[in-house]
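Worksheet: one structure, shown below.
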Amino acid sequence: MPSPTYRTPAPTFETASWGRRILALLVDWLICTLAVVAVFGLEEYTTTGSVASVVVLPVYVVESALLTWLAGGSVGKLLTGLCVVPADGRLRRLNPVKAFGRQVLVALVVPPLVFRSDGRGLHDLFAGTSTVTFATLRTLVK
């Protein structure tokens, strides 16, 4: 007997632009880099072969996963007026395991570059989420 196919339906609301999402990612990356430099020091961070420069990626994944789970978005997303919501539009806190898995997929770079016409990448499909603007969020709250 074949197993049923589960498909995440397309959201009934507009998702955020990719330009704004990339800006949010750059803000997050800068903040995580500054945090690593604050802990390890600039000299250690800029030394060839230093572990400090490699630490930025896990710091980003943890920061963005925790804040996406707890606050609906990473620092970069929130500062650029974006948030992550369940794709079905019913506002609730995301599953922490799915939020972490979503950010690991973002760190792999390919999933965000492979996306559907509704603007959701593989990372969003995995987690059942959509990235929206605050304006769209306000329409979901009503």
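Below, each value reflects all heavy atoms present in this structure, side chains not excepted, and no hydrogens, waters or symmetry copies.
Smallest separation of non-hydrogen atoms from Leu78 and Gly73: CD1-O, 3.4 Å. Among all heavy-atom pairs drawn from Arg20 and Thr80, the shortest one is NE-O, 2.8 Å. Between Ala24 and Leu82, the shortest heavy-atom contact is CB-CD1, 4.2 Å.
By the rule that hydrophobic residues join a cluster once side-chain heavy atoms approach within less than 4.5 Å of another member, Phe40 and Val59 end up as members of one cluster. Residues Leu42 and Val51 share a single hydrophobic cluster, defined by chaining ILVMFWY side chains whose heavy atoms lie under 4.5 Å apart. There is no path of hydrophobic side-chain contacts, each under 4.5 Å, that joins Val85 to Val75. A continuous path of hydrophobic side-chain contacts links Leu57 to Val104 [ILVMFWY only; heavy atoms under 4.5 Å]. A single hydrophobic cluster is seen to contain both Trp29 and Val39, as judged by linkage of ILVMFWY side chains at heavy-atom distances under 4.5 Å, directly or through other members.
Ser53 and Ser50 form no side-chain donor-acceptor contact under 3.5 Å, judged by distance and modelled atom types alone.
Atom CG in Leu105 sits 10.0 Å away from atom CG in Leu125 (nearest 0.5 Å). With rounding to the nearest 0.5 angstrom, the OG1 atom of Thr133 is 10.5 Å from the CZ atom of Phe13. Here His123 contributes atom NE2 and Thr129 contributes atom OG1; the two are 6.5 Å apart, rounded to the nearest 0.5 Å. Here OG of Ser130 is found 12.0 Å from CG of Leu137. Values are rounded to the nearest 0.5 Å. Rounded to the nearest 0.5 angstrom, Leu25 CG and Leu30 CG are separated by 11.0 Å. Atom CG in Asn95 sits 13.0 Å away from atom CZ in Arg102 (nearest 0.5 Å).
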(message) Would Val106 and Tyr60 count as a side chain to side chain contact (heavy atoms under 4.5 Å, CB included) here? Give the steps.
(response) CA-CA 10 Å; Val106 169; Tyr60 164 75; 3.5 Å; yes
(request) Take Cys83 and Thr131, measure what side chain to side chain contact (heavy atoms under 4.5 Å, CB included) needs, and give me the verdict at the end. (result) CA-CA 6 Å; Cys83 63; Thr131 301; over 6 Å; no
(message) Test side chain to side chain contact (heavy atoms under 4.5 Å, CB included) on Val36 and Val55; report intermediate values, then the result.
(response) CA-CA 7 Å; Val36 168; Val55 172; 4.1 Å; yes
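Sequence neighbours left out, the pairs with a member in residues 69-78 that pass side-chain hydrogen bond (donor to acceptor under 3.5 Å, both in side chains) are Asp28-Ser74.
Hydrophobic side-chain contacts under 4.5 Å tie Leu94 into a cluster, directly or through other members, with Val84.
Within a 6.0 Å sphere centred on OH of Tyr45, heavy atoms belonging to other residues, nucleotides or ligands number more than 12.
Evaluation of the salt bridge (Lys or Arg N to Asp or Glu O under 4.0 Å) rule for Arg138 yields no partner, not counting sequence neighbours.
Under the side chain to side chain contact (heavy atoms under 4.5 Å, CB included) rule, Gln103 has a single partner from Val62, Leu66, Thr68, which is Thr68.
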